[in-house]
Amino acid sequence: MASATDPSVLRDWLSGTAPLLELPGDTDPDGVLEALRDQGIDARRVDLAGVSDKAGLLDALHRALEFGDWFGFNWDALEEALYGPEDRSAPERVVVITGFEVFRTHAPKDAGIVLDILRSVAGTRGSGLRGCVLIG
């Protein structure tokens, strides 16, 4: 069986329609980021270590995805921000989230909401977000 950092695993996922890919917690995030970037993807890591609530999640996303000062730190603002970038010739984006299982344990409702938002945005034609890889 291929490992999660085997480029074919990510290539197969990218060629499909699923917006989310869940990988085991022992997966090397740097290897995933490198493999995605090798596919021409704008891959961004969001580390949720120590994050246990909505405010911390939105702050981690804000910092990692470089949302501007305009970002409103609420679910609607997150959904709007994930549609970017404004330049549609830019590469598609994949958000690689590490530490998600621990976050989901502490804040299951917020975890469900952010996954719904990621699925919705990634599934919308014209969105710059291809999807999300969840690691542990």
Side-chain angles (χ1 to χ4, degrees):
M1 182 173 158
S3 76
T5 55
D6 180 337
S8 68
V9 171
L10 294 167
R11 205 172 27 247
D12 289 348
W13 173 68
L14 289 169
S15 67
T17 59
L20 300 177
L21 174 64
E22 293 197 47
L23 299 174
D26 63 351
T27 301
D28 174 27
D30 291 330
V32 171
L33 290 165
E34 182 179 341
L36 287 166
R37 290 174 181 146
D38 287 348
Q39 295 295 313
I41 298 292
D42 174 16
R44 305 286 183 98
R45 181 178 181 181
V46 179
D47 184 7
L48 297 185
V51 175
S52 61
D53 61 11
K54 175 184 175 182
L57 171 69
L58 292 173
D59 183 59
L61 288 161
H62 173 257
R63 285 182 286 109
L65 301 178
E66 299 174 351
F67 298 149
D69 291 339
W70 52 264
F71 184 66
F73 293 92
N74 60 59
W75 295 129
D76 290 336
L78 176 62
E79 186 169 4
E80 185 175 311
L82 288 171
Y83 277 102
E86 295 292 324
D87 178 7
R88 293 300 185 213
S89 65
E92 286 185 304
R93 177 173 288 172
V94 170
V95 178
V96 177
I97 301 177
T98 56
F100 191 77
E101 276 309 309
V102 173
F103 175 75
R104 188 178 350 218
T105 300
H106 290 295
K109 180 180 175 189
D110 293 331
I113 292 170
V114 77
L115 290 178
D116 287 345
I117 290 170
L118 289 163
R119 282 186 196 101
S120 174
V121 173
T124 301
R125 185 177 173 95
S127 166
L129 181 68
R130 166 54 186 89
C132 179
V133 176
L134 303 172
I135 300 175

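Each residue takes its place number in the sequence, starting with 1.
Under the 4.5 Å side-chain criterion, counting only non-hydrogen atoms from C-beta, Leu20 is in contact with Cys132. At a threshold of 4.5 Å between non-hydrogen side-chain atoms, the residues Leu65 and Arg93 count as touching. The closest side-chain heavy-atom distance from Val51 to Asp59 is not below 4.5 Å.
Taken to the nearest 0.5 Å, the CG atom of Leu58 stands 11.5 Å off from the CZ atom of Arg63. In this structure, the separation between CG on Leu129 and OG1 on Thr124 is 9.5 Å, given to the nearest 0.5 Å.
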Kindly list each side-chain donor-acceptor pair under 3.5 angstrom involving residues 98-105, sequence neighbours excluded, with atom names and distances?
{"residue": "Thr98", "atom": "OG1", "partner": "Arg45", "partner atom": "NE", "Å": "3.4"}
{"residue": "Thr98", "atom": "OG1", "partner": "Arg45", "partner atom": "NH2", "Å": "3.4"}
{"residue": "Thr98", "atom": "OG1", "partner": "Asp47", "partner atom": "OD1", "Å": "3.2"}
{"residue": "Glu101", "atom": "OE2", "partner": "Arg104", "partner atom": "NE", "Å": "3.1"}
{"residue": "Glu101", "atom": "OE2", "partner": "Arg104", "partner atom": "NH2", "Å": "2.4"}
{"residue": "Arg104", "atom": "NH2", "partner": "Glu22", "partner atom": "OE1", "Å": "3.3"}
{"residue": "Thr105", "atom": "OG1", "partner": "Glu101", "partner atom": "O", "Å": "2.9"}

Let me check something: any side-chain donor-acceptor pairs from residues 112-121 under 3.5 Å, sequence neighbours excluded? List them with distances.
{"residue": "Asp116", "atom": "OD1", "partner": "Arg119", "partner atom": "NH1", "Å": "3.3"}

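Of all heavy-atom pairs spanning Ile135 and Pro29, the tightest one is CD1-CA, 3.8 Å. Residues Ser52 and Ala107 share a closest heavy-atom pair of O-CB, 3.7 Å. Closest heavy-atom contact between Trp13 and Ala18: NE1-O, 3.0 Å.
For the side chain to side chain contact (heavy atoms under 4.5 Å, CB included) criterion with Thr27, the lone passing option out of Leu134, Val9, Val32 is Val32.
Under the rule for a side-chain contact (heavy atoms from CB on, under 4.5 Å), the partners of Glu66 that lie at least two apart in sequence or sit in another chain are Arg44. For Phe71, the ring pair (Phe, Tyr, Trp, His ring centres under 6.0 Å) partners at least two apart in sequence or on another chain are His62, Phe67, Phe73. Asp38 pairs by the side-chain hydrogen bond (donor to acceptor under 3.5 Å, both in side chains) definition with nothing, not counting sequence neighbours. Scanning for side-chain contact (heavy atoms from CB on, under 4.5 Å) contacts around Arg37 gives Leu33, Ala43, with sequence neighbours left out. The salt bridge (Lys or Arg N to Asp or Glu O under 4.0 Å) search around Asp53 returns none, not counting sequence neighbours.
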Q) Are Val94 and Leu10 close enough, and set up right, to give a side-chain contact (heavy atoms from CB on, under 4.5 Å), and what steps lead you there? A) CA-CA 11 Å; Val94 170; Leu10 294 167; over 6 Å; no

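Applying the ring-ring contact (aromatic ring centres under 6.0 Å, His included) test to residues at least two apart or on different chains, none of the pairs has a partner in residues 14-57.
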